[in-house]
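What follows is a single structure, written as structure tokens, with notes after it.
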Amino acid sequence: MVGVAGFEPATPASRKQCSTGLSHTPTETAAYSLGFRAPQEAEFEDFDPVEIDLTTRILPSGGAAAAAAECLADGGLVAFPTETVYGLGADAANPDAIARLYQAKGRPAFNPLIAHVGDLAAARRLGRFGPQATALAEAFWPGPLTLVLAKTADCAVADLATAGLDTVAIRVPAHPVAQAILAAFGAPVVAPSANLSGHVSPTTAAHVASDLGGRINLIVDGGPVEVGVESTIIGCFETPMLLRPGGVPREAIARVLGQTLLQAPADADSETAQPLAPGMLASHYAPRNPVRLNAVHVEAGEALLSFGPTLPHGAERATVVMNLSDRGDLNEAATRLFGYLRALDAKAARGIAVMPIPDEGLGEAINDRLRRAAIGRE
Ligand code: TXA
Ligand code: MG
């Protein structure tokens, strides 16, 4: 057991944090005109990050499930690996724990959380599965897919975690450590990615500690994750909608459904603005340095995030080069994306130039995250 008492998390001056008290004003938005109630606006205020002075325990994953479950039952916050990224878990039925979770992340409380459960039977207690949702669950669970469904009448997820929506986002993660924790706890666990709101998602326990050390109770270290980008989110509306590209490629989902997916409406334009739909906060993966996309040349002083065997013009001028996959493999690139963005950002170059990435398979999720990293920093 390792203590990280007194650890100072990185909190850029621009970071904003919101109150966790929700005050609802109904609004209509495009994404919810399909038989689901519109998301409700939460009132939030900007204030300096709340000081949280916790001792964060870090446990190796072997045998940590019981300690994690005990901590969750006490209302604690536990970071753990899933196959996509590390999640920050709290008891989905405990509003106090969820309020602390929003506070630890500095996350706007109008941005709802994904409920994680161990299997489809547990998922059916939270959300109403139609034939399409059932087909997707059977094809891709456990795995990197989240389904947004109408809540059941006795859905155990606290309103604070669903931001007052009639819908709930549900996922069955495949990672054995996540599965062991869910089995030991025996109830749904809400878990956003275990980073400060607006930061790049964590793919190792060290990333979690650097964002949230001193702000959460426990980190279960299960080594680096396998997929590297977050789950694909599908809104199971009348016509299924891709709310967030992620670890299951769009093409694979369309094959199972036998139809193409509706595209979610355009992004809202800042992290704290009311999003058009939850999950669509535009600047969401922001490094501190400016990010320049589709770079076909490198400018002096830039760090280079490359892809494939051929480097762009001027690559020798780059302060540092990190290649997402020199053999052009998009799955390998996804596993490295967030770690490399963190590493390049830490080199404090003048900016980060990113080579074009093909927009197919996991490339769609990679490009989505890169666009968000670039927003407002050019
Ligand atoms: O891979 C993942 O999904 C990871 C791991 C930890 O499971 N989790 C994750 O959670 O990425 P988070 O909170 O960083 O992103 C979840 C997204 C949010 O953008 C949220 O707005 C959206 O899911 N979401 C949650 N509930 C929703 C709902 N009812 N309708 C639409 N979007 C929803
Ligand atoms: Mg996240």
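Numbers here simply count residues along the sequence, with the first being 1. In this text, all values refer to a predicted model and were calculated from it rather than measured experimentally. Each ligand, and each atom within it, is numbered from 1 in the order the structure gives.
A heavy-atom distance below 4.5 Å is found between the side chains of Leu311 and Ser306. Contact annotation: the side chain of Arg244 approaches that of Ser231 to within less than 4.5 Å [non-hydrogen atoms, C-beta and beyond].
Looking at Asn289 and Asp345, their side chains do bring a donor and an acceptor atom within 3.5 Å of each other. With hydrogens and angles left out, the side-chain atoms of Arg171 and Thr82 include a donor and acceptor closer than 3.5 Å. A donor atom on one side chain and an acceptor atom on the other are not found under 3.5 Å apart for Ser193 and Glu230. Side chain to side chain, Lys151 and Thr162 meet the donor-acceptor criterion of an N or O pair below 3.5 Å.
Atom numbering of ligand 1 starts at 1 in the shown order; those under 4.0 Å from a heavy atom of Arg107 are 12 (P), 13 (O), 14 (O), 18 (C), 20 (C). Atoms of ligand 1 found under 4.0 Å from any heavy atom of Ser193, numbered from 1 in the order shown, are 8 (N), 9 (C), 10 (O), 12 (P), 14 (O). Per-residue contacts place Leu165 under 4.0 angstrom from the following atoms of ligand 1 (heavy atoms of the residue considered): 28 (C), 29 (N). Ligand 1 places these atoms under 4.0 Å from at least one heavy atom of Ala169: 25 (C), 26 (N), 27 (C). Interface of Ser231 with ligand 1, defined as ligand atoms under 4.0 Å from a residue heavy atom, comprises 1 (O), 2 (C), 3 (O).
Of the N or O atoms in Thr82, none lie within a sub-3.5 Å distance of an N or O in ligand 1. Inclusion of Glu230 in the set of residues having an N or O under 3.5 Å from an N or O of ligand 1 is not warranted. Of the polar atoms of Asn111, at least one N or O is found under 3.5 Å from an N or O of ligand 1, judged by distance alone. In terms of N/O distances under 3.5 Å, ligand 1 is approached by His116.
The line from OG1 of Thr167 to CG of Leu149 is 8.5 Å long, rounded to the nearest 0.5 Å.
The parts of Thr167 lying near ligand 1 are both backbone and side chain, judged by heavy-atom distances below 4.0 Å. Residue-level proximity to ligand 1 for Thr162 is absent, since no heavy atom of it falls below 4.0 angstrom.
Here Ser193 reaches the Mg ion (ligand 2): one of its N/O/S atoms is less than 2.8 Å from the metal.
Note that Arg107 lies outside the cation-pi zone of Tyr102, set by a 6.0 Å cut-off to the ring centre and a 45° limit from the axis.
Nearest to atom 8 (N) of ligand 1 by heavy atom, out of Ala191, Ala194, Gly87, is Ala191.
Not a single donor-acceptor pair under 3.5 Å links the side chain of Glu138 to the backbone N or O of Ala135.
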